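Just so it is clear: chains get the letters A, B, ... in the order the sequence lines come, proteins before strands, and each one is counted from 1. No experiment lies behind these values; they were computed from the predicted model shown.
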Number of protein chains: 2
Amino acid sequence: MSNAKVLPLLDPEVQGVVPCCPPLTERPMNAEEAERAARMFKALGDPVRLRLFSAVASHEGGEACVCDISDVGVSQPTVSHHLKKLKEAGLLTSERRGTWVYYRVEPSVLAAMGQLLTPPAAA
Amino acid sequence: MSNAKVLPLLDPEVQGVVPCCPPLTERPMNAEEAERAARMFKALGDPVRLRLFSAVASHEGGEACVCDISDVGVSQPTVSHHLKKLKEAGLLTSERRGTWVYYRVEPSVLAAMGQLLTPPAAA
DNA sequence: CGTCTATGTTGACATACATCGAACCAGTAC
DNA sequence: GTACTGGTTCGATGTATGTCAACATAGACG
């Protein structure tokens, strides 16, 4: 209880987009696992999205207003489109506060993907 | 000398496809970094490729013959196509030995991507 | 040599995706 | 109320991508 951070795998609170975790190198993924994990990788598989995600993830407080991160070389509708994609992939969450919309990183996601890529016991 | 495994970040031996590494959460990525990293994420952003990669990564000895991993529900040309993509992304290397072709995971890649996804100092 | 098996390549096709401008919605300030 | 600013949604468009069937190549074996 207290907080669930002891198990940084994946919280079920995430709308149902996320779960994934068997380390990539442990055993071959089945179709279902791959489908799920690929959704997240694909979301980060675009340079613009990766920059947006990094901008949010590295922003102080773990959240950022769209106005703070929309300087990635594409039009504002495109930024919005990519943020939506990241949200749909379960990597970001958004919240409107007054005039501005703030995005924050779903913390469990980083741990989950990191674990997925865990190298085979350091060889 | 001996072996370069002490620094699992990224070896320059990799043809030039790979480098990347500033943890995603450390500071906003610039266009160049994002372009590079996105190439790898995109390569894993397809369920079939993810399964192929996982199959190779989890195979004994860190390498696998195509014949061992081509059971992912798509035609053989498609498997070959995806393996090529993974190779172009710098995630896999291939070697022909007699009749069969063996693929193996570029070890530095797992460490690099894992580091890229390092959560912000455990909060 | 010819044949058979294991992979890779080519060409075609349908779907998905990134991008933009324009229109639209949410709040704030006047 | 109207006007303005921040953000999202819509529609269109060009490009990338996943897939397969058909063909090509590489080595093994006779």
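Computed from coordinates, the B:Lys87 NZ to C:dT9 C1' distance equals 12 Å when rounded to whole Å. Taking atom CG of A:Leu50 as the reference point, atom C1' of C:dC17 lies 17 Å away to the nearest angstrom. Rounded to an integer number of Å, the gap from B:Tyr103 OH to C:dA6 P is 16 Å. One can place CG of A:Leu86 at 16 Å from P of D:dG7, the figure rounded to the nearest angstrom. Rounded to whole angstrom, the span from the CZ atom of A:Arg97 across to the P atom of C:dT28 amounts to 13 Å. Across the protein-nucleic acid pair, A:Leu83 atom CG and D:dT9 atom P stand 11 Å apart, rounded to whole Å. A:Lys84 has its NZ atom 13 Å from the P atom of C:dC17, to the nearest Å. Atom pair B:Lys85:NZ and C:dT7:C1' shows a separation of 18 Å (rounding to whole Å applied).
The line from CG of A:Leu117 to OG1 of A:Thr25 is 9.0 Å long, rounded to the nearest 0.5 Å.
Under 4.0 Å is where a charged nitrogen must lie from a carboxylate oxygen, and between B:Arg97 and B:Glu63 at least one such pair does.
If you check every strand for non-hydrogen atoms under 4.0 Å, A:Val79 touches nothing. Heavy atoms of B:His82 sit under 4.0 angstrom from primed sugar atoms or phosphate atoms, though from no base atom. When heavy atoms are screened at a 4.0 angstrom cut-off, A:Thr99 is found touching the sugar-phosphate backbone but no base atom. Within 4.0 Å (heavy atoms only), B:Tyr102 reaches no atom of the nucleic acid at all.
Between A:Lys42 and the phosphate of C:dA16, there is no side-chain N or O to OP1/OP2 separation shorter than 4.0 Å. The shortest distance between the side-chain N/O atoms of B:His81 and the OP1/OP2 oxygens of C:dT9 is not below 4.0 Å. Look at A:Arg49 and you won't find any side-chain N or O under 4.0 angstrom from OP1 or OP2 of C:dC17. At C:dT19, none of the side-chain N or O atoms of A:Ser75 fall inside 4.0 Å of OP1 or OP2 (strictly under the cut-off). Side-chain N/O atoms of B:Thr78 include none lying less than 4.0 angstrom from OP1 or OP2 on D:dT19.
Each of B:Asp68 and A:Gln76 was matched to the nucleotide of DNA chain C holding its nearest heavy atom; the match closer to the 5' end belongs to B:Asp68.
Distances from the side chain of A:Ser80 to the nucleotides D:dG6, D:dT8, C:dT7 place D:dT8 closest. For B:Pro77, the side-chain atoms get nearest to D:dA21 when compared with the rest of D:dA21, D:dT9, C:dT7. Taking every side-chain heavy atom of B:Arg96 into account, C:dA6 is the closest of C:dA6, D:dT8, D:dT19.
Counting only heavy atoms from C-beta outward, the side chains of A:Phe41 and A:Leu116 approach each other to under 4.5 Å.
Side chain of B:Thr118 to main chain of B:Gln115: a donor-acceptor pair is present (N/O by atom type, distance under 3.5 Å, no hydrogens or angles). Under the 3.5 Å distance criterion, the side-chain polar atoms of B:Arg39 are left unmatched by any main-chain donor or acceptor of B:Ala89. A donor-acceptor contact shorter than 3.5 Å is absent between the side chain of A:Ser54 and the backbone of A:Leu50.
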